Every structure is written in structure tokens, then in C-alpha cells.
Amino acid sequence: MKKKWMAAAVILAAMVLCVLGFRFLLPGEEGNEDVKQVTITVINDIEGMELFSDTVETQAQTLGELLDETKELKAVMEQSTYGRLLVSLLDLNQGEMTTGPWWLFESDNNESCTASGFCPAVDQTVIADQDRFVFRYTDSY
């Protein structure tokens, strides 16, 4: 009886080692499967100039998280009725809500944006690998 338990324990240990061993041998299983590359472009439409364009790597789940962690964008957001609102980017501050200028953002390939024809608030915009976002500082829309 003792030999049966010992054999069962050895078989169980071998199975656990095989599963763990295969997990470490498979590509992309080191925790990098959540890393996304997201392209961000920032345009000042009022001055007619591109201020930023780069592809960043992130593990953020939402656009709001991405803006929080991408320090070079200097994103400032305020809580609003519909979630956090982008009020400043690269030291350009949004004006009054009724008169502008405003920060607007769009994406031609993000599922959250293309499903409804416009992007939801930054914390509701779920991001995926290879997404592209354009932020526009504009006085018209």
C-alpha cells in the first residue's frame, strides 16, 4: 500500500514538473503577452503642427491608464460626469467647455472607438495591441 502511494506521488510530481516545464518553454509565456504597442500622435490643429508621434509599449488596459503612465505626454485629467476628462496634454490646457479650445481624440482601429463611431471617455476606451490614437488640440469640431 505504501508503494502505491509513493508511486502516485512520483507520478503526480512528474506531471506537475512537465506542466511547469512546458509553460516556461513556450514563447510569450513569460508575462509579456499583455504588452501592447500603441501609437500616439498629438496634433495642435490651431497652430497646424504635430507635437508628438511615437509608439509606446504598455500593459495598460485603458487609454486613461496609458496616459497616466506615459509621463512625456504630461497628461492632466479631471473627474467629470462621464468619467475622467483630458484637460491638458504637453502643457497645452483645454479652455472652457463652451468656448474651447478642446482636446479631442480619435482612433481609426480601436474597437471601443470604431464600434460606436466615436471614442468613449479615456477610462472606458479599452486598448489593444497595435491601436492608433490621434489627440487633437482644436478650437472647432
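The first residue in the sequence is number 1, and the count goes up from there. Reckoned from all heavy atoms, side chains included, excluding hydrogens, waters and symmetry mates. Everything numeric here is computed off the predicted structure, so don't read it as measured data.
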Evaluate F105 against V134 for side chain to side chain contact (heavy atoms under 4.5 Å, CB included), listing each step before the verdict.
CA-CA 6 Å; F105 65 95; V134 176; over 6 Å; no

S112 and V126 have their tightest heavy-atom pair at OG-N, 3.2 Å

So which heavy atom on E69 is nearest to which on E57, and how close?
OE2-O, 4.2 Å

In this structure, CD of Q59 is separated from CG of D34 (nearest 0.5 Å) by 6.0 Å

Do you know which two heavy atoms are closest between N109 and R132, and how far apart they sit?
OD1-N, 2.9 Å

Side-chain heavy atoms of I43 within contact of Y137, under 4.5 Å
no

Side chains of V35 and T58: closer than 4.5 Å at any heavy-atom pair?
no

Rounded distance [0.5 Å steps], CG in L92 versus CG in L51
6.0 Å

Rounded to the nearest 0.5 Å, what separates atom CG in L63 from atom CD in Q124?
10.5 Å

Report, as yes or no, whether the 6.0 Å neighbourhood of atom CD on E106 holds more than 12 heavy atoms from other residues, nucleotides or ligands.
yes

Using 4.0 Å as the upper bound for N to carboxylate O, is an ion pair formed by K36 and D131?
no

With side chain to side chain contact (heavy atoms under 4.5 Å, CB included) as the test, would you mind laying out the steps for I127 and T62 before giving the verdict?
CA-CA 5 Å; I127 59 175; T62 66; 5.9 Å; no

Rounded to the nearest 0.5 Å, how far apart are CG of D45 and CD of E50?
11.0 Å

Find the distance between SG (C119) and CG (N110) and round it off to the nearest 0.5 Å.
6.0 Å

Pairwise side-chain contact, F133 with T125, heavy-atom cut-off 4.5 Å (strictly under):
yes

Taking the side chain as every heavy atom from C-beta outward, state whether F52 and L73 have any pair of such atoms under 4.5 Å apart.
yes

Transitively linked via ILVMFWY side-chain contacts under 4.5 Å: M97 with Y82?
no

Heavy atoms from other residues, nucleotides or ligands near CD of E72 exceed 12 (cutoff 6.0 Å):
yes

What is the minimum heavy-atom distance between M77 and G64, and which atoms define it?
CE-O, 3.9 Å

When rounded to the nearest 0.5 angstrom, what distance separates CZ in R136 from CG in N44?
11.0 Å

Here the pair of heavy atoms bringing V122 nearest to R84 is CG2-O, 3.7 Å

Side-chain contact, heavy-atom cut-off 4.5 Å: L66 with I40?
yes

Check salt bridge (Lys or Arg N to Asp or Glu O under 4.0 Å) between D54 and all other residues, then give those that pass, not counting sequence neighbours.
none

Evaluate V42 against L90 for side chain to side chain contact (heavy atoms under 4.5 Å, CB included), listing each step before the verdict.
CA-CA 9 Å; V42 180; L90 296 170; 3.8 Å; yes

Would you sort out whether Q94 and L86 count as a side chain to side chain contact (heavy atoms under 4.5 Å, CB included), showing the intermediate values?
CA-CA 8 Å; Q94 178 169 288; L86 181 64; 5.9 Å; no

Side-chain heavy atoms nearer than 4.5 Å, only ILVMFWY residues, links allowed to pass through others: does that put F135 and I46 together?
yes

So do the side chains of T114 and S107 get within less than 4.5 Å of each other, counting heavy atoms only?
no

